[in-house]
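Values below: all heavy atoms of this structure, side chains included; hydrogens, waters and symmetry mates excluded.
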Amino acid sequence: MDKTLVFGASPNPSRYSNIAISRLVENGIETEAFGVRSGTVSGIEIKNKLNEFQNIDTVTLYLNPKRQEEYYDYILALKPKRVIFNPGTENPEFGTILNDNGIEVENACTLVLLATGQY
């Protein structure tokens with residue numbers, strides 16, 4: 001099964017990243033999470049150290065474009081098949097970099113993709 005990394009995860013249950021973790025787990029998708037604040041969501045630990053992730057198929061972003069900049073190299077090094085830019089995270093500059101490195105870019109909402117069976 002392909003693994004998803006929720007990047008910009010929050011332990012706050014009202015945040016979309018938190019809801020996305022729960023929905024990914026409910027859909028049987030292997031899930032990992034990275035965020036500034038640690039915590040646990042639906043049994044998934046939110047880690048705050050970047051060196052802990054491997055074999056990531058999809059990165060779903062919940063960071064605004066300015067905050068993404070410091071993570072460009074790290075996300076590229078993960079070599080995911082795709083990166084999902086959720087609403088408010090769209091970043092044409094990073095999208096171009098990802099495409100240039102053979103990584104699929106999707107401007108979409110992870111929650112909608114899951115709800116409609118398009119994930």
Participant: Can you tell me how far the CD atom of Glu104 sits from the CD1 atom of Ile84, to the nearest 0.5 Å?
Facilitator: 8.5 Å
Participant: Is there a chain of hydrophobic side chains (I, L, V, M, F, W, Y, each step under 4.5 Å between heavy atoms) that links Leu24 to Ile56?
Facilitator: no
Participant: Under 4.5 Å between side-chain heavy atoms, counting indirect links through other Ile/Leu/Val/Met/Phe/Trp/Tyr residues: same cluster for Leu63 and Leu78 or not?
Facilitator: yes
Participant: Walk me through it: do Asn48 and Val36 pass the test side chain to side chain contact (heavy atoms under 4.5 Å, CB included)?
Facilitator: CA-CA 6 Å; Asn48 53 20; Val36 197; over 6 Å; no
Participant: With sequence neighbours excluded, tell me which residues meet ring-ring contact (aromatic ring centres under 6.0 Å, His included) with Phe34.
Facilitator: Phe7, Tyr71
Participant: What is the distance from atom CG of Asn55 to atom NZ of Lys79, rounded to the nearest 0.5 Å?
Facilitator: 12.5 Å
Participant: Under a 4.5 Å cut-off applied to non-hydrogen side-chain atoms, are Leu76 and Ile103 in contact?
Facilitator: yes
Participant: Hey, what do you get for OH (Tyr16) to OG1 (Thr110), rounding to the nearest 0.5 Å?
Facilitator: 12.5 Å
Participant: Verify the cluster assignment for Leu50 and Val83: are they in a single hydrophobic cluster under the rule of side-chain heavy atoms below 4.5 Å apart?
Facilitator: yes
Participant: Between Pro11 and Ser38, which heavy-atom pair has the shortest distance, and what is it?
Facilitator: CG-O, 3.8 Å
Participant: I'd like to know if the side chain of Asn91 and the backbone of Phe85 have a donor-acceptor N/O pair within less than 3.5 Å.
Facilitator: no
Participant: How many angstroms lie between OG1 in Thr40 and NZ in Lys47, if you round to the nearest 0.5 Å?
Facilitator: 10.5 Å
Participant: Between Gln54 and Lys3, what is the shortest heavy-atom contact and its length?
Facilitator: O-NZ, 3.0 Å
Participant: Would you say Leu98 and Leu113 are hydrophobically clustered, going by side-chain heavy atoms of ILVMFWY under 4.5 Å?
Facilitator: no
Participant: Is Val6 reachable from Phe53 through a run of hydrophobic residues whose side-chain heavy atoms are each under 4.5 Å from the next?
Facilitator: no
Participant: Distance-only, no hydrogens or angles: does the Ser17 side chain make a donor-acceptor pair with backbone N or O of Ser10 under 3.5 Å?
Facilitator: yes
Participant: If only atom types and distance count, is the side chain of Asn86 paired as donor or acceptor with the main-chain N or O of Leu61 below 3.5 Å?
Facilitator: yes
Participant: Not counting sequence neighbours, which residues clear side-chain hydrogen bond (donor to acceptor under 3.5 Å, both in side chains) with Arg82? List them please.
Facilitator: Thr58, Glu106
Participant: Using 4.0 Å as the upper bound for N to carboxylate O, is an ion pair formed by Lys66 and Glu69?
Facilitator: yes
Participant: Do you know the tightest heavy-atom contact between Val41 and Ser22?
Facilitator: CG1-OG, 3.6 Å
Participant: If I compare all heavy atoms of Asn18 with all of Asn12, which pair ends up nearest, and what's the gap?
Facilitator: CB-O, 3.2 Å
Participant: Between Gln68 and Thr89 (side chain of the first, backbone of the second, donor and acceptor by atom type, cut-off under 3.5 Å), is there such a pair?
Facilitator: yes
Participant: Testing the basics here: between Ile21 and Ala9, what is the closest heavy-atom pair and its distance to 0.1 Å?
Facilitator: CD1-CB, 3.8 Å
Participant: Using modelled atom types only, decide if a donor and an acceptor are shared between the side chain of Asp57 and the backbone of Lys81 within a distance under 3.5 Å.
Facilitator: no
Participant: How about Ile97 and Tyr72: do any of their side-chain heavy atoms sit closer than 4.5 Å?
Facilitator: yes
Participant: Would you give the length of the straight line joining atom SG of Cys109 to atom CG of Leu111, rounded to the nearest 0.5 angstrom?
Facilitator: 4.5 Å
Participant: Determine whether more than 12 heavy atoms belonging to other residues, nucleotides or ligands lie under 6.0 Å from atom CG of Asn101.
Facilitator: yes
Participant: Between Val59 and Tyr74, is a side chain to side chain contact (heavy atoms under 4.5 Å, CB included) present by the stated rule, with each step listed?
Facilitator: CA-CA 11 Å; Val59 173; Tyr74 182 77; over 6 Å; no
